[in-house]
Amino acid sequence: MNSETVITAENIIKTYKNLKAVDDLSFFVNKSECFGILGPNGAGKTTMMKMLYGKALRDKDSGRINVFGYDPKNNELEIKYLSGIVPQDNNLDDELSVIQNLLIYAKFYGLDCKKSLDRIYELLEFMELSGKKNAKIMHLSGGMKRRLTFVRSLLNNPKLLILDEPTTGLDPQVRHNIWDKIRLLKKDGVTIIITTHYMEEAYQLCDRLILMHKGKKILEGNPVELVNQNIEKYVLEILNHTLFDKIKISKNINIDRTPNRMYLYSQDLKSLEQLSKGLKPGDYYLRQSNLEDLFLKSTGRILNE
Ligand code: ADP
């Protein structure tokens with residue numbers, strides 16, 4: 001935490017009926033950093049995110065949240081004026097055009113018409129949507145709708161961008177395009193908090209992240225450091241389950257298993273290469289370890305089952 005901390009969440013608990021969706025979660029986000037909440041579906045990421053801008057807080061059980069010095073429960077509007085939100089569902093008005101959707105939002109921020117249009121054109125250019133300004137929402141592709149939701153979130157020049165699963169369901173090309181835009185916004189000093197179940201997304205974008213499982217934080221830190229400090233450098237994945245019992249494991253190798261895969265971890269690449277020599281292509285995959293491996297090691301499960 002530093003003097004320019006934008007968000008603090010302390011000991012947040014949120015229960016739906018008998019289910020603890022968020023279970024004693026604490027974290028902070030500093031100015032101009034990209035902070036990630038990574039976890040599988042159902043981990044509690046969206047519930048936590050919504051509490052940051054007020055939506056779910058009415059039912060919050062306990063804990064304290066501070067965003068720009070405000071409590072979302074009492075100052076939802078103040079936080080929204082300073083933030084841009086990309087929710088999981090785009091909630092655009094299908095019957096209206098791109099420009100009409102954006103003008104409605106600009107009105108909410110009290111921008112006059114000329115200023116609104118200047119800003120809208122600038123942002124449509126930034127998100128590569130200028131050619132679609134008069135198109136109806138129903139005629140846009142999934143990737144275009146997502147980029148438009150980004151445009152909408154940026155109308156008020158937000159200091160904080162709240163991104164809930166920003167690239168879920170998009171094809172890799174659109175995903176990479178959106179990652180590039182997020183990097184540019186970060187370069188401009190925008191603070192970003194992002195939820196994702198894509199390990200690669202968190203790894204590529206986040207300065208710090210928490211790894212969540214069943215409402216709880218299981219790890220926190222810089223993604224590269226987390227992997228370096230908590231898991232062997234290399235992994236040999238055995239993809240053919242009939243081989244699981246046939247592999248001879250030496251002392252310097254650690255094992256994890258899921259029903260369909262065996263993971264052999266080691267600091268020593270050579271010993272894994274040696275093991276893989278007896279295997280057929282397609283039966284194994286030799287690679288560097290990543291956040292997914294760390295999640296498996298910590299929970300016994302893989303991120304995107
Ligand atoms: P994530 O964003 O990580 O996928 P969510 O925060 O959406 O997780 O959900 C966490 C858990 O809370 C899940 O088990 C989900 O089914 C449950 N949940 C989410 N919203 C509600 C709700 N409005 N009512 C009841 N249960 C909910």
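Note that ligands are numbered from 1 as they come in the structure, with each ligand's atoms numbered from 1 the same way. These figures come from a predicted structure and were not determined experimentally.
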More than 12 heavy atoms of other residues, nucleotides or ligands under 6.0 Å from NZ of Lys181: is that the case? yes

Looking just at side-chain N and O atoms, do Asn254 and Glu232 make a donor-acceptor pair shorter than 3.5 Å? yes

Quick check, are the ring centers of Tyr81 and Phe68 under 6.0 angstrom apart? no

Is Ala21 in polar range of ligand 1, meaning some N or O pair under 3.5 Å apart? no

Judged by modelled atom types alone, do Asn90 and Arg146 share a side-chain donor-acceptor pair under 3.5 Å? yes

If we only consider heavy atoms of Gly39, is any one of them less than 4.0 Å away from an atom in ligand 1? no

Under 4.0 Å to a heavy atom of Ala43 - the qualifying atoms of ligand 1, by number: 1 (P), 3 (O), 8 (O)

Quick check: Phe35 with Phe27 (ring centres under 6.0 Å apart)? yes

I need the nearest protein heavy-atom contact for atom 19 (C) of ligand 1: residue, atom name and distance, please. Tyr16 CE1, 3.3 Å

Right, does atom 5 (P) of ligand 1 have protein non-hydrogen atoms nearer than 4.0 Å? yes

Report the member of Thr46, Leu19, Val22, Thr196 with the shortest heavy-atom distance to atom 2 (O) of ligand 1. Thr46

Could you check whether Gln100 and Ser97, counting side-chain N and O atoms only, form a donor-acceptor pair closer than 3.5 Å? yes

Among all protein heavy atoms, pick the one closest to atom 10 (C) of ligand 1 and tell me residue, atom and distance. Gly42 O, 3.5 Å

Would you mind listing which atoms of ligand 1 come within a distance below 4.0 Å of any non-hydrogen atom of Asn41? 4 (O)

Is it the case that the side chains of Asn30 and Thr5 hold a donor-acceptor pair, with the cut-off being a distance below 3.5 Å and no angle test? yes

As an exercise, identify every atom of ligand 1 less than 4.0 angstrom from a heavy atom of Pro40. 3 (O)

For Thr47, is at least one N or O under 3.5 Å away from an N or O on ligand 1? yes

Sequence neighbours left out, what passes ring pair (Phe, Tyr, Trp, His ring centres under 6.0 Å) with His197? Give chain and number order. none

of all protein heavy atoms, closest to atom 8 (O) of ligand 1 is Gly44 N, 3.1 Å

